[in-house]
Amino acid sequence: MDAYVFFHLTILCICLSQIRSECFPGCSCGTDRYGRLGRESLTCMETALSGIPEDIPRDLTKIRIEKSQIRELRKGAFTHVKFLKHLWLNFNDIAIINIKSLEGLGNLTELRLQGNKLRSVPWTAFEETPELKILDLKHNRIDALPEYALKFLPVLTYLDLSSNQLSVISKEVFLNWPLYNSENKESHSASNVVLSLHDNPWLCDCRLGGFIEFIKSLSPPFILMNSYLTCSAPEFKAGKFFHEIDLQTCVKPVVRTPVSNVTAPLGGNVTLTCFASARPEASIRWIYSLKILRGFRELKSRVDEDTICSQLVIPALHMADRGLYTCIANNFIGNSSIVISLDVQSPEGSEFQSPGFPSAIAEENVYIDLRIAKQTVYGITIEWRAVTDNPAETWFTIHFGRFEAAKKEQIYIGPGINTYSVTDLLPVTKYEICVTLKNQAPRSGQCIVFVTGSDFNEMEQREKLIHIVVIVLAMVLAVPAGMYACTTDVKFKCFERCTEMWRNRRDADLSQGSGDRQGTFDSLQAGSDEGLCSKEKKTRRRSTDKNDRRPTAELY
């Protein structure tokens with residue numbers, strides 16, 4: 001009987017040892033040319049094996065395990081079967097191959113892993129199998145082929161990667177294959193080298209250009225099992241054969257817009273447009289201030305093979321929709337963006353009313369309690385508690401920037417959200433952050449001012465200093481009678497001194513009764529190092545909740 005011929009429904013068969021002439025339950029042993037029971041090949045049929053048995057006889061040359069429940073090839077699974085030449089592991093549930101699973105298989109010439117659940121293969125594992133000639137990986141889920149994949153398969157003559165999830169392959173994969181090198185081609189001219197790559201979802205854009213060039217250049221002894229490879233994407237190339245398409249070089253996106261300044265009336269509709277040209281096709285997204293609150297429709301259409309048109313549709317314009325809208329396009333090479341300015345015109349004498357964003361009425365009663373809730377090396381998180389007349393309709397605006405900046409960044413926060421994080425702060429810099437109701441301008445007492453620490457080389461010191469400075473500043477904002485701030489270039493004992501002074505002043509003020517007081521950092525210069533602590537007395541209104549002594553800033 002031919003060693004490669006088995007019954008149509010087969011699974012691994014293993015003899016227990018050289019002494020025993022029977023196999024595992026559900027298994028059968030191969031026979032020699034005289035029909036006698038042999039122990040060189042073993043086959044098991046649909047067994048419940050969950051792994052490779054550890055007591056496989058050492059003299060086996062053929063193992064076939066199929067339609068079983070094996071999920072992983074563990075390290076050294078076949079180390080002691082040094083004479084093994086043919087290993088069939090088809091139609092199992094194998095999803096993981098350990099990088100050392102093929103140790104000791106220096107004589108292996110055939111490995112079949114058809115119909116498993118492999119998403120990737122540890123290609124360096126084939127360093128252990130220098131004699132491997134047949135590698136069957138069809139009907140798996142492999143979606144990538146690294147450039148070194150075939151480097152360790154110098155004598156491979158049959159490679160089947162059909163019916164996987166491959167979309168892009170670099171031609172360097174085959175240029176790095178020792179068998180394909182020009183110096184080795186003649187030595188293997190007597191035997192054909194068969195490649196099977198069909199039934200994969202090939203993405204026919206510029207990234208596949210080198211691979212298609214390689215496919216078109218193949219000639220004997222290299223043969224494609226199915227030479228009619230077809231594109232699956234992009235959509236306008238789907239179904240085309242490789243020899244029908246011509247791919248160009250990849251380029252980074254270039255974004256343009258027909259109108260960069262748009263003006264529209266209040267309540268009207270407007271559509272912002274940008275065009276992105278790139279190879280491969282760029283992904284496009286829009287960034288704008290109200291994105292958290294208002295999700296506008298984004299429409300995309302193709303202009304030509306390399307150009308995409310993206311449109312942002314804004315219905316029923318509100319005054320809060322004014323601002324800058326950024327169209328960003330990116331692919332794996334780079335990105336590009338363009339900014340469109342939108343202005344909303346309001347009829348003279350009319351009052352802005354919006355069903356989505358109620359008008360910011362100056363007389364509306366509101367109480368906001370703001371504090372720094374968390375500090376990190378380069379950022380803070382603020383938290384606020386608000387009491388308003390219409391809590392279900394209330395939205396807020398965050399005003400943030402350097403203290404001395406005349407115009408600060410505005411971030412709109414929707415109803416139900418009462419925290420916001422600021423990141424990428426610069427060291428030794430004075431910042432101001434304010435929370436206002438709806439689209440109101442910041443009022444007196446609605447802001448927190450803080451200073452970041454020095455940027456030391458040692459990360460540990462930097463974390464400690466910035467952490468302490470922010471905590472101290474958070475407490476300072478709640479000090480009723482004045483302000484005490486530690487500068488960043490002093491010793492840590494400043495923290496204890498400032499804390500003690502704050503507590504003494506708080507106790508004194510609580511015993512005095514009432515009075516309108518307010519503390520700020522207006523006179524604190526970024527990076528100031530005059531003394532351990534500085535003191536500045538300013539008036540501030542006391543919170544009506546005298547029992548709440550948290551280190552917070554109170555806004556009215």
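For clarity, every value in this text was computed on a predicted model and none was experimentally measured.
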Original post:
Got more than 12 heavy atoms from elsewhere within 6.0 Å of CG, D246?
Top reply: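 No, not enclosed.
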Original post:
So with a 6.0 Å cut-off around CZ of R71, is the heavy-atom count from everything else above 12?
Top reply: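 No.
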Would you mind writing out the side-chain donor-acceptor pairs for residues 338-345 within the sub-3.5 Å range, not counting sequence neighbours?
none

Subject >> Check ion pair K151-E127 (N to O, under 4.0 angstrom) >> reply: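 Not counted as a salt bridge, because no side-chain N and carboxylate O are separated by less than 4.0 Å.
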Original post:
Under a 4.0 Å N-O cut-off, is there an ion pair linking D199 with K138?
Top reply: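 Judged by the 4.0 Å cut-off on N to carboxylate O distance, D199 and K138 do not form a salt bridge.
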**OP:** List the steps, then state whether salt bridge (charged side-chain N to carboxylate O under 4.0 Å, His left out) holds for R112 with D160.
**Re:** CA-CA 9 Å; R112 296 185 182 271; D160 195 339; over 6 Å; no
Taking only distance into account, with no hydrogens and no angle test, what donor-acceptor pairs under 3.5 Å do side-chain atoms of residues 113-125 form with protein atoms, sequence neighbours excluded?
residue : atom : partner : partner atom : Å
N116    : OD1  : N92     : N            : 3.2
N116    : OD1  : I94     : N            : 3.1
N116    : ND2  : L89     : O            : 3.0
N116    : ND2  : L113    : O            : 3.1
N116    : ND2  : Q114    : O            : 3.4
W123    : NE1  : V121    : O            : 3.3

**OP:** Hey, could you give me each pair passing side-chain hydrogen bond (donor to acceptor under 3.5 Å, both in side chains) that has a residue in residues 206-223? Not counting sequence neighbours.
**Re:**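 Qualifying pairs: D205-R207.
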Subject >> Candidates L153, L150, L156 - the one meeting side-chain contact (heavy atoms from CB on, under 4.5 Å) with F126 >> reply: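 It is L153; the other options fail the test.
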List for me each residue that meets side-chain hydrogen bond (donor to acceptor under 3.5 Å, both in side chains) alongside [X], sequence neighbours excluded, and say none if there are none.
{"X": "K100", "value": "none"}
{"X": "S167", "value": "none"}
{"X": "H198", "value": "S196"}
{"X": "E305", "value": "K237"}

Cut-off 3.5 Å, side chains only: do [X] and [Y] have a donor facing an acceptor?
{"X": "N226", "Y": "S162", "answer": "no"}
{"X": "S337", "Y": "T326", "answer": "no"}
{"X": "S310", "Y": "W286", "answer": "yes"}

What are the two closest heavy atoms between [X] and [Y], and how far apart are they?
{"X": "T452", "Y": "L426", "value": "OG1-O, 2.5 Å"}
{"X": "N164", "Y": "R141", "value": "OD1-N, 3.3 Å"}
{"X": "L425", "Y": "V422", "value": "CD2-CG1, 3.6 Å"}

Subject >> Steps toward side chain to side chain contact (heavy atoms under 4.5 Å, CB included) verdict (I134, L111) >> reply: CA-CA 6 Å; I134 298 174; L111 175 60; over 6 Å; no
**OP:** Sort and list the pairs that fulfil salt bridge (Lys or Arg N to Asp or Glu O under 4.0 Å) and have at least one residue in residues 258-273, not counting sequence neighbours.
**Re:**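 Listed once each, the pairs would be none.
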**OP:** Among residues two or more places apart or on two chains, list those pairs meeting salt bridge (Lys or Arg N to Asp or Glu O under 4.0 Å) that have a residue in residues 401-416.
**Re:**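 Found K408-E432.
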Subject >> Centroid separation F211 to W202 less than 6.0 Å >> reply: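 Between F211 and W202, the centre distance is under 6.0 Å.
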Original post:
Once the angle between the rings of F174 and F214 is folded into 0 to 90°, is it parallel (under 30°), tilted (30 to 60°) or perpendicular (over 60°)?
Top reply: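 F174 vs F214 ring planes: parallel.
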Original post:
Sulfur to sulfur, is the gap between C327 and C274 shorter than 2.5 Å?
Top reply: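 Yes.
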Among residues at least two apart in sequence or on other chains, which ones pass ring pair (Phe, Tyr, Trp, His ring centres under 6.0 Å) with [X]?
{"X": "F296", "answer": "Y288"}
{"X": "F400", "answer": "Y431"}
{"X": "Y228", "answer": "F241"}

Subject >> CA sep, side-chain torsions, deciding dist, call: R285, E298, salt bridge (charged side-chain N to carboxylate O under 4.0 Å, His left out) >> reply: CA-CA 8 Å; R285 71 183 192 276; E298 297 180 26; over 6 Å; no
**OP:** Would you please test Q311 and L272 for side chain to side chain contact (heavy atoms under 4.5 Å, CB included) and show each step?
**Re:** CA-CA 6 Å; Q311 295 180 307; L272 307 182; over 6 Å; no
